[in-house]
Number of protein chains: 2
Amino acid sequence: MTKAPLGNLLFADAPMGAPPAPGLCPIRDVLSLVGQKWTLLILIALEAEPRRFSALQRAVGDISKRMLTQTLRDLERDGMISREVFPTKPPAVEYALTDLGRSALAPIAGLKDWANRHHGAIKAARTAFDGV
Amino acid sequence: MTKAPLGNLLFADAPMGAPPAPGLCPIRDVLSLVGQKWTLLILIALEAEPRRFSALQRAVGDISKRMLTQTLRDLERDGMISREVFPTKPPAVEYALTDLGRSALAPIAGLKDWANRHHGAIKAARTAFDGV
DNA sequence: CTGTATCCAGGGGGATACTG
DNA sequence: CAGTATCCCCCTGGATACAG
């Protein structure tokens with residue numbers, strides 16, 4: 001506790017490449033989730049109804065199978081989504097939000113609201129900044 | 001509207017490396033903010049009071065000058081923080097939240113709350129998943 | 001003190017081909 | 001259909017040195 005007051009309290013579990021030390025800081029965990037470029041998209045895509053692998057890929061639009069698989073694994077590991085395999089002729093796999101995953105949609109909605117309300121201000125700020 | 005329903009509606013402005021097309025989607029903008037690994041940390045560090053460059057670096061703890069500068073520029077460009085230069089003997093620069101930046105703290109707090117409430121569940125899910 | 005410039009390693013992530 | 005495996009490019013971001 002000699003240094004890095006804010007950093008250690010909120011995020012820092014290690015400089016960057018060190019063993020994650022599972023969950024030193026809650027915020028750090030959430031950030032690694034939210035910052036993942038595809039996670040929110042997938043959670044939102046699952047909000048209305050469970051979806052299968054290829055349905056998800058279509059819904060998101062421009063995600064590769066590789067990234068979709070990886071992100072789904074991460075979300076499953078974090079308990080945000082469930083994965084059910086149907087041993088049909090061509091195998092089908094359905095993903096759905098867990099209660100935990102669904103509970104995350106609330107704060108995410110808060111973020112979306114803020115984004116929609118202030119998007120114009122941000123764009124204006126950028127234009128002004130760049131236009132100097 | 002032929003494909004990528006969710007993706008285009010929420011995020012996709014380009015595969016990844018293409019010109020950002022300023023602000024196609026609000027959520028995408030917010031994500032690029034939140035996902036930036038240092039932005040939230042800096043906003044939170046500025047919540048209580050304006051701070052100078054080196055004070056911010058100390059507060060965050062493990063951020064390099066390079067990344068601190070870059071993140072501050074991005075936040076300034078987005079109108080989230082202000083930058084005031086004092087032409088003193090050794091120059092001093094003070095950063096502060098703008099109204100826009102301050103308004104972002106609310107949804108961020110929602111995220112923090114969710115994180116604190118469900119951190120245990122996430123850790124448990126991970127342990128269970130890994131322990132298989 | 002507050003940056004900017006350069007160098008460079010590591011990893012994120014796309015494309016493609018293959019498997020069960 | 002639902003992945004896995006491989007290749008590989010490029011960007012992120014740390015370290016260091018330099019400038020105003």
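Residue numbers start from 1 in every chain, and the chains themselves are labelled A, B, ... in the order their sequence lines are given, proteins ahead of strands.
The distance from atom CD of Q57(B) to atom C1' of dA15(D) is 13 Å, rounded to the nearest whole Å. Straight-line distance from the CZ atom of R52(B) to the P atom of dG3(C): 10 Å, rounded to whole Å. Counting to the nearest Å, the P atom of dG3(C) and the CG atom of L56(B) are 10 Å from each other. Atom CE of M67(A) and atom C1' of dG12(C) are 7 Å apart (whole Å). Rounded to an integer number of Å, the gap from CZ of F86(A) to P of dC1(D) is 16 Å. Atom CD of Q70(B) is separated from atom P of dG13(D) by 7 Å (rounded to the nearest Å). Going from atom CZ of R66(B) over to atom C1' of dA19(D) covers 17 Å, rounded to whole Å. Here the P atom of nucleotide dT12(D) and the CD atom of Q36(A) are 15 Å apart, to the nearest Å.
End-to-end axis angle of the helix from dC1(C)-dG20(D) to dG20(C)-dC1(D), using five pairs per end and rounding to 10°, comes to 40°.
M80(B) and L100(B) make their closest contact through SD-CG, 4.0 Å (heavy atoms, listed as atom of the first residue, atom of the second, distance). When all heavy atoms are compared, the tightest approach of I44(A) to K112(A) is CD1-CD, 4.2 Å. Across every non-hydrogen atom of L111(A) and P107(B), the tightest pair is CD1-CB, 3.8 Å. In this structure, L72(A) and I42(A) approach most closely via the heavy-atom pair CD2-CG2, 4.0 Å.
The side chain of K65(A) places no N or O atom within less than 4.0 Å of a non-bridging phosphate oxygen (OP1 or OP2) of dC18(C). Within the structure, a side-chain polar atom (N or O) of K37(A) is placed less than 4.0 Å from OP1 or OP2 of dG14(C). For T69(A) and dA2(D), the shortest distance from a side-chain N or O to OP1 or OP2 is not below 4.0 Å. For dA2(D), the OP1/OP2 oxygens have no side-chain nitrogen or oxygen of R83(A) closer than 4.0 Å.
Sorted by first then second residue, the salt bridge (charged side-chain N to carboxylate O under 4.0 Å, His left out) pairs that include residues 80-103 of chain A, not counting sequence neighbours, number zero.
Looking at L43(A) and I108(A), their side chains come closer than 4.5 Å, going by heavy atoms from C-beta outward.
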| request: Carefully, step by step, assess L33(B) and L75(B) under the rule side-chain contact (heavy atoms from CB on, under 4.5 Å). | output: CA-CA 8 Å; L33(B) 243 167; L75(B) 286 172; 3.6 Å; yes
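Side-chain proximity of V93(B) to the nucleotides dG14(C), dG3(C), dC1(C) is greatest for dG3(C). Comparing dG3(D), dG20(D), dA2(D) by their closest approach to the side chain of P91(B) singles out dG20(D). With dG3(C), dG14(D), dG14(C) as the candidates, the nucleotide lying closest to the side chain of S64(B) is dG14(D).
Among the protein residues, Y95(A) comes within range of the sugar-phosphate backbone only, with heavy atoms under 4.0 Å from sugar or phosphate atoms but none that close to a base.
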